[in-house]
J.: 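Sharing a structure, written as structure tokens. Questions coming.
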Amino acid sequence: MLDRNNLQSFKASLSAALRTTNQADDVLSDRFVELRPGTVATLESAVNHLVTGRRGVGKSTTLAVLQRRAEEQGARVIFVDVETHKSRSYPDVLIEIVIDILREVQPKGWKSPQRGLRGEVKEILAVLEALRNAGAEVTESRESDQTRTSDFKVSLRGGVAKQYAKLSASGGGVRSKRTKTTQTSTQTRRKEEFLRDLAPAIAKALESAANLEGRKSLLVVLDDFYFVAKDKQPLVLDHLHGITKRSNVWLKIGSVHSRTQSFADGDPPLGMQPPHDLQHLSLDVGLADFATAQTFLEEVANGVLAPAGFKIRDVLTQTARERAVLIAGGAVARDYFDLLIAAADAGWEASQRAGTGEEPFAIGAESVQAAAGLRLQRKQTDLRNDAGRDAPSLESRFDDLVRFVRDRDTFFFLVRREHIDTEWGREIVELEDLRFVHRIMTTRPNTATWRGVETVVFMVDFAALVARRMRKAPVEFWKAGKSDELRRAEWVYEPQWAEGQSKGSSANAAGRGPEDDQLAFD
């Protein structure tokens with residue numbers, strides 16, 4: 001139970017666990033809970049991996065634990081935070097990533113292998129930094145009725161150009177002019193062409209780093225890779241794959257699934273194609289696996305709270321425990337902890353209003369629901385940061401979904417499976433990854449006209465609806481026999497749903513079932 005004396009320690013323990021980290025200390029490693037057994041062991045294997053999961057699901061923590069355990073087994077692990085380069089366009093973002101990798105592997109010792117590798121890396125970095133800083137020049141322009149494209153080229157001059165020629169083992173295309181006192185050289189090409197020619201030297205340096213000091217491999221972690229523009233991701237991965245394959249260097253890429261494109265088919269194909277070039281490993285456990293999500297969240301929370309002497313089952317009522325998982329949208333530990341902190345405050349304030357402020361209290365469902373609305377603004381900020389130029393269209397789609405479920409007086413909507421691959425269907429999947437809607441199940445609506453039609457059931461995030469009084473509680477679909485209540489044909493969403501309403505039709509009046517008699521939850 002919570003009271004005036006221990007409330008602060010409860011909140012402080014959860015707040016400390018909220019920090020995102022790419023460093024695994026003893027405490028983090030000891031309390032780490034795998035969503036699925038063997039996840040870290042799988043990531044240690046000599047394979048390239050794409051690790052996906054929604055924001056806050058624990059990708060960075062998992063990768064931090066991977067670093068600690070892999071280094072104990074004799075590997076070298078380096079981190080690149082791709083978010084720090086989100087303002088860079090291609091190919092500069094690729095150059096920045098390669099620079100980060102080389103700076104991390106550059107040794108500091110003065111023995112022969114370290115000294116030699118340090119010199120190699122220093123030479124490559126000098127060229128890459130000059131290439132990154134070189135301003136692009138429009139050297140060719142082509143125009144048609146539909147499109148206008150320009151070819152941007154850059155120049156490397158003087159010592160940097162000569163250093164590039166040495167590293168690329170080619171002086172082709174270099175124009176030189178010698179005087180009595182100076183020598184200058186220039187080469188004008190696309191940045192990608194410079195990078196391609198530098199690839200063998202970079203690959204050699206990385207392979208040397210992987211084997212330095214008896215290490216058995218080098219794991220390169222690219223965290224938050226989705227901050228690279230989606231259409232440029234195959235180009236970035238194509239180059240990174242080129243400088244790491246056929247060596248003991250392995251890429252471990254953390255990203256959000258719907259905002260990631262690892263491969264682009266074409267002539268030639270670009271990027272890294274699953275499962276041949278990299279294996280996909282998902283860390284998502286949503287509301288479709290409600291029991292698994294609840295077990296995971298409570299295990300993680302109990303590990304965080306144990307030093308302060310708390311257990312979730314003693315602090316939250318049974319209904320509140322279920323409602324907290326529902327509002328967190330599944331196994332998203334960050335959202336869960338955020339919610340518990342706000343719910344503890346709401347519970348304390350409720351006890352004050354009831355005149356029982358000095359007595360111990362447990363957090364009830366009402367307090368959890370009151371805390372839900374506080375999360376929406378933070379999630380909206382995350383959406384604008386993560387979705388970039390797609391944010392306006394995603395926000396518009398979400399607003400339409402909220403209007404739809406409010407019109408139906410529900411928390412849920414259904415989408416025909418065939419519509420998931422449409423443009424607006426993909427927006428719903430992106431909203432799912434951004435935690436604004438939550439996938440529940442696949443089902444067929446319960447009316448004759450929908451017989452044989454597969455639909456996917458989603459729940460609109462609780463936080464978007466809690467500010468307005470809803471007449472019914474959400475269907476407790478995780479309980480036996482309750483999921484059938486989600487098979488409502490009038491809950492099937494299509495973007496044109498409002499057109500029928502404007503003509504006087506009322507889906508609200510159709511298909512009412514026994515669940516309409518549920519008590520208002522607030």
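Keep in mind it's a predicted model, so treat the numbers as computed, not measured.
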J.: With rounding to the nearest 0.5 Å, note down the distance linking CG in L278 to CE in M272.
T.: 5.0 Å
J.: Going by the rule salt bridge (Lys or Arg N to Asp or Glu O under 4.0 Å), which residues pair with E298 if we only count those two or more places apart in sequence or in a different chain?
T.: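 Only R321 meet the salt bridge (Lys or Arg N to Asp or Glu O under 4.0 Å) criterion with E298.
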J.: Is any NZ, NE, NH1 or NH2 atom of the basic residue among E395 and R384 found under 4.0 Å from an Asp or Glu carboxylate oxygen of the other?
T.: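 So E395 pairs with R384 through a salt bridge.
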J.: Rounded to the nearest 0.5 Å, what's the gap from CG on L251 to CG on L219? Could you check?
T.: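 One finds 9.5 Å between CG of L251 and CG of L219.
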J.: Please answer whether the main-chain N or O of Y226 pairs with a side-chain N or O of S255 as donor and acceptor at a distance below 3.5 Å.
T.: yes
J.: Using the ring of each side chain (for Trp, its six-membered ring), is W491 parallel, tilted or perpendicular to F412, with breaks at 30° and 60°?
T.: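 If you compare the ring of W491 with that of F412, the planes turn out parallel.
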J.: What's the separation between atom CD1 in I440 and atom CG in L287, rounded to the nearest 0.5 Å?
T.: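 CG of L287 is found 4.5 Å from CD1 of I440.
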J.: Using atom types as modelled and distance alone, determine if a side-chain donor or acceptor of K245 lies under 3.5 Å from a backbone N or O of D277.
T.: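 Here the side-chain-to-backbone pair does not exist.
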J.: Report yes if the side chains of F227 and T84 come closer than 4.5 Å at any heavy-atom pair, otherwise no.
T.: no
J.: Tell me whether R426 is salt-bridged to D421, with the criterion being a basic N under 4.0 Å from an acidic carboxylate O.
T.: no
J.: Give the table of side-chain donor-acceptor pairs shorter than 3.5 Å for residues 102-109, with sequence neighbours excluded, one pair per line with atom names and distance.
T.:
residue	atom	partner	partner atom	Å
R103	NH2	E129	OE2	2.9
Q106	NE2	R118	O	3.4

J.: So do D81 and D100 actually touch side chain to side chain, heavy atoms under 4.5 Å?
T.: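 SC-SC contact between D100 and D81 ruled out.
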J.: Which heavy atom of A293 sits nearest a heavy atom of V285, and at what distance?
T.: N-CG1, 3.9 Å
J.: L401 versus I428: any side-chain heavy-atom pair under 4.5 Å?
T.: yes
J.: For E423, is the CD atom crowded, meaning more than 12 foreign heavy atoms sit under 6.0 Å from it?
T.: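 No, the 6.0 Å shell around CD holds no more than 12 heavy atoms from other groups.
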J.: Would a 4.5 Å heavy-atom cut-off, applied to side chains only, mark Y336 and F296 as touching?
T.: no
J.: Walk me through it: do K232 and V93 pass the test side chain to side chain contact (heavy atoms under 4.5 Å, CB included)?
T.: CA-CA 10 Å; K232 301 302 183 185; V93 65; 5.9 Å; no
J.: Do the charged groups of E207 and R246 touch, with an N to O distance under 4.0 Å?
T.: no
J.: Are L167 and V127 side-chain neighbours, meaning at least one heavy-atom pair lies under 4.5 Å?
T.: yes
J.: Restricting to side-chain hydrogen bond (donor to acceptor under 3.5 Å, both in side chains), what partner residues turn up for D284, sequence neighbours left out?
T.: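 Expected list: R54.
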J.: Give a yes or no on whether R417 atom CZ has more than 12 heavy-atom contacts from other residues, nucleotides or ligands under 6.0 Å away.
T.: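 At most 12 heavy atoms, drawn from other residues, nucleotides or ligands, come within 6.0 Å of this atom.
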J.: Hey, are K204 and E120 close enough for a salt bridge, meaning a charged N less than 4.0 Å from a carboxylate O?
T.: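 Result for this pair is yes, salt bridge flagged.
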J.: More than 12 non-hydrogen atoms from neighbouring residues, nucleotides or ligands closer than 6.0 Å to NZ on K86, yes or no?
T.: yes
J.: Is there a donor-acceptor contact under 3.5 Å from the side chain of K191 to the main chain of L131?
T.: yes
J.: Start with the C-alpha gap between Y164 and R189, add the side-chain angles, then the distance that decides, and say whether side chain to side chain donor-acceptor pair (under 3.5 Å) holds.
T.: CA-CA 12 Å; Y164 158 76; R189 307 174 72 198; 2.6 Å; yes
J.: Do you know the tightest heavy-atom contact between R259 and D390?
T.: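 In this case the closest contact between R259 and D390 is NH2-OD2, 3.3 Å.
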J.: Mind checking the CG-CZ spacing from L63 to R68? Nearest 0.5 Å is all I need.
T.: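 Atom-to-atom, L63:CG and R68:CZ are 15.5 Å apart.
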J.: I'd like to know if the side chain of Q163 and the backbone of E123 have a donor-acceptor N/O pair within less than 3.5 Å.
T.: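 Not confirmed, Q163 side chain does not pair with E123 backbone.
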J.: To the nearest 0.5 Å, how far apart are CD in E299 and CG in L297?
T.: 10.0 Å
J.: Relative to each other, are the rings of W478 and F290 parallel, tilted or perpendicular (30° and 60° limits)?
T.: parallel
J.: Are the side chains of H438 and E432 in contact, using a 4.5 Å heavy-atom criterion?
T.: no
J.: Identify the heavy atoms of F194 and L156 that sit nearest to each other, and give their distance.
T.: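 Result for this residue pair: CE2-CD1, 3.4 Å.
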J.: Report the residues that fulfil salt bridge (Lys or Arg N to Asp or Glu O under 4.0 Å) with D399, sequence neighbours left out, ordered by chain and then residue number.
T.: none
J.: State the OG1-CZ distance between T42 and R36, to the nearest 0.5 angstrom.
T.: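 Interatomic distance, T42 OG1 to R36 CZ, rounded to 0.5 Å: 11.0 Å.
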J.: Go through the steps to decide whether H257 and S282 satisfy the test side chain to side chain donor-acceptor pair (under 3.5 Å), and finish with yes or no.
T.: CA-CA 8 Å; H257 187 257; S282 174; over 6 Å; no
J.: Using the salt bridge (Lys or Arg N to Asp or Glu O under 4.0 Å) criterion, which residues pair with R389? Sequence neighbours excluded.
T.: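 Salt bridge (Lys or Arg N to Asp or Glu O under 4.0 Å) list for R389, sorted by chain: D231.
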J.: Please determine if E454 and R444 form a salt bridge, counting it only when a charged side-chain N lies under 4.0 Å from a carboxylate O.
T.: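 Looking at E454 and R444, the cut-off is met.
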J.: Counting only N and O atoms by type, is there a donor-acceptor contact under 3.5 Å from the side chain of E96 to the main-chain atoms of P91?
T.: no
J.: Can you confirm whether L128 sits close enough to V98 that some side-chain heavy atom of one is under 4.5 Å from a side-chain heavy atom of the other?
T.: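 With C-beta onward as the side chain, the pair touches.
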J.: Show the nearest heavy-atom pair for residues A331 and V57, with the distance to one decimal.
T.: O-CG2, 3.2 Å
J.: Can the ring centres of H49 and W250 be said to be less than 6.0 Å apart?
T.: no
J.: How close do V82 and D224 get, heavy atom to heavy atom, and via which atoms?
T.: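 That closest heavy-atom pairing would be CB-O, 3.5 Å.
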J.: Examine distances only and state if a side-chain atom of T61 and a backbone atom of G58 form a donor-acceptor pair shorter than 3.5 Å.
T.: no
J.: Considering non-hydrogen atoms only, spot the tightest contact between R439 and V429 and give its length.
T.: NH2-CG2, 4.0 Å
J.: Just wondering, more than 12 heavy atoms not from K230 lying within 6.0 Å of its NZ?
T.: yes
J.: Check whether D433 reaches the backbone of V256 with its side chain - one donor and one acceptor, N or O, closer than 3.5 Å.
T.: no
J.: Quick check against the 3.5 Å criterion: does K59 have a side-chain atom that pairs as donor or acceptor with the backbone of D223?
T.: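 No; zero donor-acceptor contacts below 3.5 Å.
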J.: side-chain hydrogen bond (donor to acceptor under 3.5 Å, both in side chains) with R487: which residues, sequence neighbours excluded?
T.: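 Counting only residues at least two positions away or on another chain, R487 forms no side-chain hydrogen bond (donor to acceptor under 3.5 Å, both in side chains).
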J.: Angle between ring planes, F458 versus F413, binned at 30° and 60°: parallel, tilted or perpendicular?
T.: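 F458 and F413: parallel rings.
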J.: Given 3.5 Å as the limit, does a donor-acceptor pair link the side chain of D238 with the main chain of L270, or not?
T.: no
J.: Can you list the steps and then say if S217 with N248 is a side chain to side chain donor-acceptor pair (under 3.5 Å)?
T.: CA-CA 5 Å; S217 63; N248 288 325; over 6 Å; no
J.: Taking the side chain as C-beta and beyond, is there a heavy-atom pair between N48 and H241 under 4.5 Å?
T.: yes
